[in-house]
2 protein chains.
Amino acid sequence: MKNRLKVLRAERDWSQEDLARQLEVSRQSVNAIETGRYDPSLPLAFRIAELFGMPIESIFLRD
Amino acid sequence: MKNRLKVLRAERDWSQEDLARQLEVSRQSVNAIETGRYDPSLPLAFRIAELFGMPIESIFLRD
DNA sequence: TTCGAATGTCTAGTACCCTTTACATCAGAT
DNA sequence: ATCTGATGTAAAGGGTACTAGACATTCGAA
């Protein structure tokens with residue numbers, strides 16, 4: 001899975017730490033997801049989608 | 001997270017085994033997800049949504 | 001030049017996703 | 001009464017998601 005997290009975050013001028021805090025996960029988790037080391041759990045994907053106000057499918061893409 | 005898998009499967013008259021085969025997971029995984037023992041991984045959620053032809057958000061719901 | 005914020009990575013540990021194998025129950029058909 | 005398909009659950013094991021803590025690099029600002 002690929003994702004648009006880094007771009008969405010840049011559009012809002014948020015640091016990885018800012019995003020992590022809002023999602024209530026560690027900064028390392030945000031970094032790992034952005035750099036493609038692993039995919040988020042489904043509940044975390046829902047929180048991400050809700051935070052950015054868009055469907056999961058427009059943030060995460062099958063590869 | 002709750003989900004509508006059991007209903008969607010019933011609408012199509014598929015057994016858990018039928019669904020598992022199409023998703024390329026074990027029957028026990030389908031059962032565990034349906035009975036709420038755990039949530040699917042994000043990649044599996046994508047396969048489920050694709051199979052049923054609807055967005056992830058209309059199959060899985062935050063509780 | 002020095003400092004701090006931001007990012008990337010590593011390790012060790014915990015918890016969860018998913019597997020195979022196995023067993024139990026139930027309903028419907030023979 | 002027996003058989004079979006469908007479902008639920010359990011144990012053990014491998015791989016992944018997430019944690020805290022630590023360290024290195026880069027870059028813009030003081």
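Computed from a predicted structure; not experimentally measured. All values below come from the heavy atoms of this structure, side chains included, with hydrogens, waters and symmetry mates left out. Chain A is the first sequence line, chain B the second, and so forth, proteins listed ahead of strands; every chain is numbered from 1.
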Quick one: does Arg12(B)'s side chain get under 4.5 Å of Phe52(B)'s, heavy atoms only?
yes

Indicate whether OP1 or OP2 belonging to dG8(D) is found under 4.0 Å from a side-chain N or O atom of Lys6(B).
yes

Under the side chain to side chain contact (heavy atoms under 4.5 Å, CB included) rule, what do Leu44(B) and Ile33(B) come out as? Steps first, then yes or no, please.
CA-CA 11 Å; Leu44(B) 179 50; Ile33(B) 293 166; 3.9 Å; yes

Given side chains that start at C-beta, do those of Lys6(A) and Thr35(A) come closer than 4.5 Å, heavy atoms only?
no

Check the distance between dC18(D)'s C1' and Ile48(A)'s CD1 and give it to me in whole angstrom.
12 Å

Phosphate oxygens OP1/OP2 of dT7(D): is one of them under 4.0 Å from a side-chain N or O of Asn31(B)?
no

Presence of Ser15(B) side-chain N/O under 4.0 Å of dG5(D) phosphate oxygens OP1/OP2
no

Of Asp18(A) and Ile33(B), whose nearest nucleotide on DNA chain C comes first from the 5' end?
Asp18(A)

What closest approach, in Å, do Leu42(B) and Ala45(A) show between heavy atoms, and which atom pair accounts for it?
CD1-CB, 3.8 Å

Result for 5'-nearest mapping on DNA chain D, choosing between Leu44(A) and Trp14(B), is Trp14(B)

Starting from P on dT9(D), measure out to CD on Glu17(B) and report it in whole angstrom.
17 Å

Using a strict cut-off of less than 4.0 Å between a Lys/Arg side-chain nitrogen and an Asp/Glu carboxylate oxygen, indicate whether Arg47(A) and Glu24(A) qualify as a salt bridge.
no

Nearest whole Å is fine: how far is dG8(D) P from Leu5(B) CG?
12 Å

If you take all heavy atoms of Glu57(B) and Ile56(A), which pair is closest and at what distance?
OE2-N, 2.8 Å

Near Asp13(B) CG, under 6.0 Å, is it more than 12 heavy atoms from other residues, nucleotides or ligands?
no

Which nucleotide of DNA chain C is the first, and which the last, in the 5' to 3' direction, to come under 4.0 Å of a heavy atom belonging to chain A?
dT7(C) to dC10(C)

Contact list (N/O, under 3.5 angstrom) for nucleotides 19-22 of chain D vs protein:
unit_1  : atom_1 : unit_2   : atom_2 : d
dT19(D) : OP1    : Ser26(A) : N      : 3.2
dT19(D) : OP2    : Ser26(A) : N      : 2.7
dT19(D) : OP2    : Ser26(A) : OG     : 2.6
dT19(D) : OP2    : Ser29(A) : OG     : 2.4
dG21(D) : N7     : Gln28(A) : NE2    : 3.2
dG21(D) : O6     : Gln28(A) : NE2    : 2.7

When you look at Arg62(A) and Glu50(B), which way does the salt bridge (charged side-chain N to carboxylate O under 4.0 Å, His left out) test go after all the steps?
CA-CA 11 Å; Arg62(A) 308 191 64 177; Glu50(B) 183 171 3; 2.3 Å; yes

Do Trp14(A) and Leu8(A) pass the side chain to side chain contact (heavy atoms under 4.5 Å, CB included) test, and can you show the C-alpha distance, the side-chain angles, and the key distance before you say yes or no?
CA-CA 9 Å; Trp14(A) 291 344; Leu8(A) 294 172; over 6 Å; no

